[in-house]
Amino acid sequence: MFCLFIIFLLTYQVLLSPVPKDGVSQYIDAHQDEFIQRLKDWVAIESDSSDPSKRDLVNKMMEITKDYILKLGGNVEMAEIGEQELSSGEKIPLPPVILAELGNDKSKPTVCFYGHMDVQPAKQTDGWSTEPYTVVEKDGNLYGRGTSDDKGQVLALLHALESVNVMGLPVNVKLVIEGMEEVGSDGLEKLVEDKKDTFFSDVDYIVVTDTPWLSKKPGITYGARGNCYFFIEVQGARRDLHSGGFGGTVHEAMSDLVYLLNTLADEKGRILVPGIYEAVAALGENETNLYKNLEFSLEEMQADTGVKQFLHDTKEDLLMHRWRYPSLSIHGIEGAFSGTGTKTVIPAKVIGKFSIRQVPNMEPSVVEKQVTDYLEAKFSERKSPNKIKVTMVIGAKPWLADMNEPQYLAARRAVKRVFNLEADMIRAGGTIPIAKTFEDVLGKSVMLLGIGGPDDAPHGQNEKISKYNYIEGTKLYASYLQELSSISF
């Protein structure tokens, strides 16, 4: 009996003990101060791609990234992708895209990683607690613009390559790193098409690093919704009118627009456009089980967002409507008075902006026709003499991968190895066009393996990445490379 107790105790201690460290993990731990300092140095470069006056800083960031990859022993091509035409008519060069390669062993699989070095605009006067381009360490977090999206995640990958390379790369690695992601990735899709039979010809797997987890538990993303973004323009009078002189005498463009926007969805968020749900795949027999075991709390999400009540009451229903069902959101009205104070104007022309996040099997061209036909019919019922024009300005397709593909197995093994946890298999409610581009143009397996936290606030004030995610995420990328090498392809 005593022997059985000793065996039980030893087994229990093994289960509770941390994952043993290999040489790579030890290297990462020993160099973490250096890795954090490099993130501070890179964040200090204001590589805001939305501001043409900072284009030199974006280019500087690309050069620094190139130099570090060369230091790692990689071969780098700075691929030119053309020019950007500004609103003034002036044309300026787009930042080059880094195409890099480390290792060229034909007996090993080749994985290509994608990331970006540009960031969203940020000023302390926007509501930041600290200077956005100076990394501040506080409560285990690293605050600064780009720490999570995407400099921190790309650096974690590059540090993983440095760490693994000490013992020799277990797989061939290629890198695609751009500087215009935050403003639509101008020129990238054409570059992928142009390099399909050269740079990408021997790529087996593609990994996008620019993603967050659903919770504090590591997650692997295998799908994302698309985005059909619409403008609906209503034109009334030839010029703006005074409400004192014309109120009650004209059909107002704003009233027409508000009426039309209100016909798009009901109070439960269900889209009212006829036929919009016809292409949505029926819920699979065991699909709900995919959501049951995910680490996610409605209460924590309420506390984080300040939302008092969601449209759905259970974790499963909320996540399914966030990921696998379409949604419609109204974003704003251009041309309407929105300043402080009062202004008694009747706008002559207003443009409503809304989007539909579509899911697999929904085609943007079909959604465009359904929405346009519906709004024109509803406007006809109103019998207004004003003119409307419906335009779809974005038609990004959804993406869904097979989570049983070899690289997903390698990623799950890597999560287990580093964190001693089973990975959450998750989808993104937003849109990641580059994932669909890689899949459609190259026909390759695509996976999103990011290390961002659920509360990192990318694009927002006080963006951060936790020091834990940054360092342990570096180990995750290193372990993924090692695990991928052990899977036949």
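One-based numbering along the sequence shown.
- No hydrogens or angles considered: nothing links the side chains of Ser365 and Glu363 as a donor-acceptor pair under 3.5 Å.
- Salt bridge Glu422/Lys416: present, at least one basic N to carboxylate O contact under 4.0 Å.
- We find that Glu472 and Lys475 are joined by a salt bridge, their nearest charged nitrogen and carboxylate oxygen being less than 4.0 Å apart.
- Side chain to side chain, Ser47 and Lys151 meet the donor-acceptor criterion of an N or O pair below 3.5 Å.
- Within 6.0 Å of CE on Met167 lie no more than 12 heavy atoms contributed by other residues, nucleotides or ligands.
- Not one N or O on the side chain of Lys66 forms a donor-acceptor pair closer than 3.5 Å with the backbone of Met78.
- Lys397 NZ: 12 or fewer foreign heavy atoms inside a 6.0 Å radius.
- For the pair Leu318 and His312, the tightest heavy-atom approach, listed with the atom from each and the gap, is N-CB, 3.9 Å.
- Between the OG1 atom in Thr147 and the CG atom in Asn462 there is a gap of 10.0 Å [rounded to 0.5 Å].
- Here CG of Leu311 is found 13.0 Å from CZ of Arg322. Values are rounded to the nearest 0.5 Å.
- Under 3.5 Å, the side chains of Ser355 and His331 contain a donor-acceptor pair of N or O atoms.
- Atom CD of Gln37 has more than 12 neighbouring heavy atoms from other residues, nucleotides or ligands inside a 6.0 Å radius.
- A salt bridge links Glu439 with Lys436: the distance from a Lys NZ or Arg NE/NH1/NH2 to an Asp or Glu carboxylate oxygen falls below 4.0 Å.
- Distance check, rounded to the nearest 0.5 Å: CG of Leu328 to CZ of Phe230 gives 9.0 Å.
- Few gaps surround CD on Glu34; more than 12 heavy atoms of other groups in view lie less than 6.0 Å from it.
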Evaluate side chain to side chain donor-acceptor pair (under 3.5 Å) for Asn227 paired with Thr431, printing each intermediate quantity in order.
CA-CA 6 Å; Asn227 186 16; Thr431 304; 4.7 Å; no
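- Annotation: cation-pi pair Lys174/Phe199 present, NZ/CZ under 6.0 Å from the ring centroid and within 45° of its normal.
- Nearest heavy atom pair, residue Pro454 against residue Leu214, reads CB-O, 3.4 Å.
- In summary, the side chains of Glu178 and Ser185 do present a donor paired with an acceptor at a separation below 3.5 Å, with no hydrogens or angles considered.
- In this structure, Leu57 and Ile45 approach most closely via the heavy-atom pair O-CG2, 3.5 Å.
- Of the N and O atoms on the side chains of Tyr27 and Glu162, at least one donor lies less than 3.5 Å from an acceptor on the other residue.
- Shown here for Asn293 and Lys217, the closest heavy-atom pair between the two residues is O-NZ, 4.4 Å.
- Within the 3.5 Å criterion, the main-chain N or O of Glu463 finds no donor-acceptor partner in the side chain of Asp456.
- For the atom pair NZ of Lys40 and OG1 of Thr134, the computed distance is 10.5 Å after rounding to the nearest 0.5 Å.
- Here the closest heavy-atom approach between residue Ser49 and residue Arg55 is recorded as O-NH2, 3.6 Å.
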Could you walk me through whether Val415 and Asp424 pass side chain to side chain contact (heavy atoms under 4.5 Å, CB included), step by step?
CA-CA 10 Å; Val415 169; Asp424 274 346; over 6 Å; no
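- Between the side chain of Thr110 and the backbone N or O of Val173, no donor-acceptor pair lies under 3.5 Å.
- There is no side-chain donor-acceptor pair under 3.5 Å between Tyr470 and Gln32.
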